[in-house]
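One structure below.
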Amino acid sequence: MYPVPMGGAEPVLLQIGDMALTSTHVILPYGQYPLNGAVWTVQDSTQVTEGIPAVAIVLTIVFVWFCLLGLLFLLMKERRYLGFVAVSVTGPGFHHTAQFPPGPQSGAWAAHAVAQARAITAALRP
């Protein structure tokens, strides 16, 4: 399920996109770095817009001539999620960011994953 780190000695404790954490290292696509001193951040740039879909406008125009109940199609709403959720890790000699698509739970998932990563990182500090 999770990739085996280089050397195969330590199991992966947490996977966030293309970043993996073991008990002592951060595994990135371009190498393995010590976890001590890593700083984790999450940025939620999600924007939610709500509007009337085009199909509702077309149905209203078609059915308004047959009965006034066609105006009820204007009550249809469509919710769109724009932007991204970014998770970054920075440490001595490395920086990496992974972006995730927006959604109703993306920001909460990323915040929870970063909280777990911070807890694993804090366990290393004396």
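Just so we're clear, the structure is a prediction, and the values are computed from it rather than from any experiment. Sequence positions, counted from 1, serve as the residue numbers for this chain.
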From Leu74 atom CG to Ile57 atom CD1, the distance as rounded to the nearest 0.5 Å: 7.0 Å
Restricting to side-chain contact (heavy atoms from CB on, under 4.5 Å), what partner residues turn up for Pro29, sequence neighbours left out? Asp18, His96
Is there a side chain to side chain contact (heavy atoms under 4.5 Å, CB included) between Lys77 and Ile52? Walk through the geometry before answering. CA-CA 5 Å; Lys77 297 291 180 195; Ile52 300 172; 4.1 Å; yes
Cluster check Val55, Phe63: I/L/V/M/F/W/Y, side chain < 4.5 angstrom: yes
I would like to know whether Leu35 and Thr24 meet side chain to side chain contact (heavy atoms under 4.5 Å, CB included); could you show each step before the answer? CA-CA 5 Å; Leu35 186 60; Thr24 58; 5.6 Å; no
Applied to residues 51-64, the side-chain hydrogen bond (donor to acceptor under 3.5 Å, both in side chains) test, sequence neighbours excluded, yields none
Over all heavy atoms of both residues, which pair between Ala38 and Phe94 is shortest? Give the atoms and the distance, please. CB-CZ, 4.3 Å
Keeping to residues at least two apart or across chains, list the side-chain hydrogen bond (donor to acceptor under 3.5 Å, both in side chains) pairs with something in residues 104-114. His112-Gln116
Where do Gly37 and Pro92 come nearest, in terms of heavy atoms and distance? O-CD, 4.1 Å
Qualifying residues under side-chain contact (heavy atoms from CB on, under 4.5 Å), relative to Ser88, sequence neighbours excluded: Thr41, His95, Thr97
Distance-minimising heavy-atom pair for Val42 and Ala110: CG2-CB, 3.6 Å
For Tyr81 and Pro104, work out which heavy atoms get closest and say how close. OH-CB, 3.6 Å
When rounded to the nearest 0.5 Å, the distance separating OG1 of Thr49 from CG of Leu82 is 5.0 Å
Taking all atoms of both residues into account, what is the closest heavy-atom pair of Ala98 and Met19, and its distance? CB-CE, 3.8 Å
Only counting residues at least two apart or in another chain, list the ones meeting side-chain contact (heavy atoms from CB on, under 4.5 Å) with Pro34. none
Can you tell me how far the CZ atom of Phe84 sits from the CG atom of Asp44, to the nearest 0.5 Å? 9.5 Å
Can you list the residues that meet the side-chain contact (heavy atoms from CB on, under 4.5 Å) rule with Ala117, with sequence neighbours excluded? Leu14, Ile16, Leu21, Trp40
Here the gap from His25 atom NE2 to Gln32 atom CD, rounded to the nearest 0.5 Å, amounts to 4.5 Å
